Structure formats: C-alpha cells, structure tokens
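One structure is given here, and the rest of the page talks about it.
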Amino acid sequence: MYRGMLFVHEITHLKKNTVPGLSIFWNCALGIPLLMPSYIFESHHDHHARERYATDQDPEYDFYTTSPISVLLLYLSSGLYMPFVLIVRQSILVPLSYFIRPVRTFLDEQGSGATIHNRYRRRKPTNKTKLLTWRCVEALSALSCLSWIGLTIAGWIPWPFFAHLLVAAIFAFTLNNFRAVTSHRFALTKGPYDFDKQVSDSLNFDQGKLWVHLWAPVGMRYHALHHLFPNLPYHNLTKAHQKLLRELPSHSPYRNVNQAHYWGAFKQLLYATLKNKQ
C-alpha cells in the first residue's frame with residue numbers, strides 16, 4: 001500500500017501522454033479505492049515552483065525549526081487520524097458539497113491537497129476539462145468510500161478485514177510523515193527561493209541498504225536530486241546521483257546534501273527545533 005500510494009508522486013511529474021493510461025490505471029487500482037485519487041497530489045507542483053517554495057503557497061514546506069515543537073509533533077502524529085479524515089471527507093463532506101457552497105469552497109481550497117503547511121490554499125483548475133475530471137474522480141472516490149462502509153455494515157466485507165485495512169493505512173501515513181520531515185532541512189525563513197536554495201535545503205540518503213528502500217521507495221530517498229531534476233524518472237535517480245558524485249568537484253554544494261542514515265537527519269531536525277526555543 002505504501003509503495004503503491006507513493007507512486008502517485010511519479011505520476012504527478014509525468015508529462016502528458018508519456019505513458020498513456022497510467023494515471024487512469026493507478027486511480028482505478030489504488031487512488032479511488034483507497035480514497036486518495038491523483039488530483040489530490042497535483043498540488044505538489046506548487047512545491048517546486050520558484051515563486052512559491054517555502055511560502056504560504058507551498059503545500060509541503062513548514063518552518064519546523066522556527067516554530068514550536070508542537071507543530072512538528074502534530075504533523076508526525078497526523079497519520080493516526082488521517083484515514084478517518086479521508087472517510088469523513090469522502091462519505092460526508094463530498095455529498096454535502098453538492099448542496100452547500102461553503103463546504104464546496106472548503107474542499108476545493110483546503111481539502112483537496114496533500115499538504116504539510118496548513119496555511120496553503122489550493123487554486124481551483126481554470127481548465128474546464130481538468131475541473132470536470134477532478135469532479136468525476138472525486139465523485140467516484142466518494143462512491144467507493146460509501147461502498148466500503150455499506151458492504152462492511154452488510155457483512156459482505158468482514159469487520160476484521162476493514163480494521164486491518166485501517167491499521168495498514170495508519171501505518172503507511174505515519175511512515176510517510178516521518179519520511180517527509182527528513183526530505184528537507186526545514187531551516188529556511190519564509191521565501192520564495194531559487195532552485196539552488198531548494199536543492200541545498202533538501203536531502204539525499206545515498207546508502208543503498210534495504211531499510212532505505214523500504215521507508216523511502218520510488219526514488220523518495222533522493223529528494224535533493226529530485227529538486228534538481230523534477231522530471232527525471234525515479235528508476236534513473238540512483239544512476240544520475242552516482243554520475244554526479246563521480247563528475248562534480250569535491251567542493252560542490254551537491255555533496256553537502258547527502259546523508260548516510262535517516263536517524264541522523266531526524267535527530268538534526270529535532271535538535272534544531274529544540275535549540276531554537278532555548
């Protein structure tokens with residue numbers, strides 16, 4: 001589930017018609033049944049935009065090292081309740097949004113993006129075809145959610161299976177949250193920043209141990225390299241990273257973004273957050 005859901009990151013960066021039908025297949029196989037269709041992740045493009053990085057219009061950057069530690073802890077613990085938030089969103093809020101305009105506005109701006117930064121407000125698509133696709137996929141996700149609930153209540157889906165699915169989703173969300181807080185140093189003040197600063201504020205984990213592939217699959221361990229080449233496919237990131245290390249001079253800033261171990265980067269974030277409060 002975790003690896004499959006994170007693959008949406010690859011789909012988000014895939015140029016149109018590069019792999020025809022892949023987005024439709026992913027949504028049908030995973031996104032819609034698991035209540036996280038791909039349009040929710042399209043807000044990720046704002047994270048890479050030069051004029052939005054580390055601003056209130058960046059959905060994936062919060063200022064942990066200059067904020068109370070409660071902000072970091074709240075995000076890390078959000079995986080415990082996120083599956084239930086999705087169930088409420090799809091089964092209650094989406095149907096209500098067809099009749100109550102403020103609910104529709106809330107979902108469009110604050111309930112339709114994968115975000116870290118709670119002040120981020122998403123812009124509704126201006127393209128009518130894209131907006132129609134968004135609405136159709138959202139409706140299918142709501143129908144999927146109501147079907148899960150109805151079939152479980154009717155006994156067609158055993159309660160233990162539904163409970164196991166929720167536990168797996170909680171674990172996946174929590175694991176992803178712990179991964180996400182080490183994708184950057186989160187040491188910047190409010191931006192925006194150019195791409196050089198984006199890369200230097202991001203991290204790679206270049207040790208090829210099995211554990212790294214488990215907690216950061218689909219190229220997620222090369223986040224600094226991803227900011228350098230956002231459209232480079234995940235299966236080429238390792239090769240590109242090794243080539244850069246061979247070719248770049250010893251004083252290259254790129255060498256400073258590489259971390260050997262997850263816990264070292266996580267402890268640095270905690271230390272920076274706590275130190276700033278002293």
Side-chain angles (χ1 to χ4, degrees), residues 1-12 19 21-44 73-100 103-104 106-108 110-116 133-181 210-221 234 262:
M1 179 191 291
Y2 180 56
R3 181 181 175 85
M5 291 303 293
L6 279 184
F7 195 81
V8 72
H9 178 259
E10 194 74 6
I11 293 174
T12 300
V19 185
L22 180 59
S23 178
I24 295 174
F25 173 81
W26 185 90
N27 275 299
C28 292
L30 285 173
I32 292 173
L34 296 180
L35 315 184
M36 291 283 284
S38 60
Y39 79 85
I40 288 179
F41 295 88
E42 290 173 1
S43 59
H44 177 68
L73 296 178
L74 181 62
Y75 174 71
L76 291 175
S77 63
S78 65
L80 298 174
Y81 58 79
M82 191 54 63
F84 302 99
V85 171
L86 287 176
I87 290 173
V88 170
R89 180 198 191 279
Q90 304 291 24
S91 65
I92 299 176
L93 296 184
V94 170
L96 285 178
S97 71
Y98 298 136
F99 308 100
I100 305 175
V103 176
R104 178 73 269 165
F106 170 77
L107 287 181
D108 285 347
Q110 301 178 59
S112 298
T115 65
I116 290 176
T133 302
W134 179 345
R135 296 288 188 249
C136 290
V137 174
E138 182 181 62
L140 289 172
S141 296
L143 182 61
S144 174
C145 183
L146 292 170
S147 297
W148 276 108
I149 296 172
L151 291 173
T152 302
I153 292 175
W156 287 78
I157 296 177
W159 278 103
F161 176 82
F162 190 74
H164 291 168
L165 186 63
L166 280 176
V167 170
I170 288 170
F171 179 81
F173 272 111
T174 302
L175 181 58
N176 185 60
N177 288 354
F178 273 84
R179 176 203 63 78
V181 297
L210 177 62
W211 168 239
V212 182
H213 294 279
L214 292 177
W215 68 261
V218 202
M220 292 293 179
R221 64 194 184 110
Y234 81 96
Y262 170 86

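No experiment lies behind these values; they were computed from the predicted model shown.
The line from CD of E42 to CD1 of I40 is 10.0 Å long, rounded to the nearest 0.5 Å. Atom CG of L34 is separated from atom SG of C145 by 11.0 Å, given to the nearest 0.5 angstrom. Interatomic distance, OG of S38 versus CD1 of I32, reported as 8.5 Å (0.5 Å rounding). The distance from the CG atom of L22 to the CD1 atom of I11 is 4.5 Å, given to the nearest 0.5 Å. Here the straight-line distance linking atom CD1 of I170 with atom CG of L175 works out to 13.5 Å at 0.5 Å rounding. Distance check: S23 OG to N27 CG gives 4.5 Å after rounding to the nearest 0.5 Å.
Counting only heavy atoms from C-beta outward, the side chains of W134 and S112 approach each other to under 4.5 Å. Counting heavy atoms from C-beta on, the side chains of Y81 and V88 never come closer than 4.5 Å. No side-chain heavy atom of L6 sits under 4.5 Å from any side-chain heavy atom of R3.
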Practice prompt. Assess whether side-chain contact (heavy atoms from CB on, under 4.5 Å) is satisfied between L86 and F173, documenting all intermediate values.
Written response: CA-CA 12 Å; L86 287 176; F173 272 111; 3.6 Å; yes
Discussion item. Could you go through M5 and W26, starting from their C-alpha distance and side-chain angles, then the distance that decides it, and tell me whether this counts as side-chain contact (heavy atoms from CB on, under 4.5 Å)?
Written reply: CA-CA 9 Å; M5 291 303 293; W26 185 90; 4.1 Å; yes
Item to complete: List the steps, then state whether side-chain contact (heavy atoms from CB on, under 4.5 Å) holds for L30 with M36.
Response: CA-CA 8 Å; L30 285 173; M36 291 283 284; over 6 Å; no
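Nearest heavy atom pair, residue I87 against residue L166, reads CD1-CD2, 4.0 Å. Of all heavy-atom pairs spanning P83 and A169, the tightest one is CG-CB, 3.8 Å.
Residue pairs meeting the salt bridge (charged side-chain N to carboxylate O under 4.0 Å, His left out) criterion with at least one partner in residues 143-167, sequence neighbours excluded, do not occur; the list is empty. The side-chain hydrogen bond (donor to acceptor under 3.5 Å, both in side chains) analysis of residues 162-181, with sequence neighbours excluded, yields the pairs Y75-N177, S78-N177, N176-R179. Listed by first then second residue, pairs satisfying side-chain hydrogen bond (donor to acceptor under 3.5 Å, both in side chains) with a partner in residues 136-156 read Y39-E138, R89-E138, R104-E138, not counting sequence neighbours.
The aromatic rings of W211 and W215 lie tilted to each other, with the angle between the two planes from 30° to 60°.
No donor-acceptor pair closer than 3.5 Å links the side chain of Q90 to the backbone N or O of L143.
Applying the ring pair (Phe, Tyr, Trp, His ring centres under 6.0 Å) test to Y2 and every residue at least two apart in sequence or in another chain returns nothing. Applying the ring pair (Phe, Tyr, Trp, His ring centres under 6.0 Å) test to F178 and every residue at least two apart in sequence or in another chain returns F266. For F41, there are no ring pair (Phe, Tyr, Trp, His ring centres under 6.0 Å) partners at least two apart in sequence or on another chain.
The environment of Y98 atom OH is dense: over 12 non-hydrogen atoms of other residues, nucleotides or ligands sit within 6.0 angstrom.
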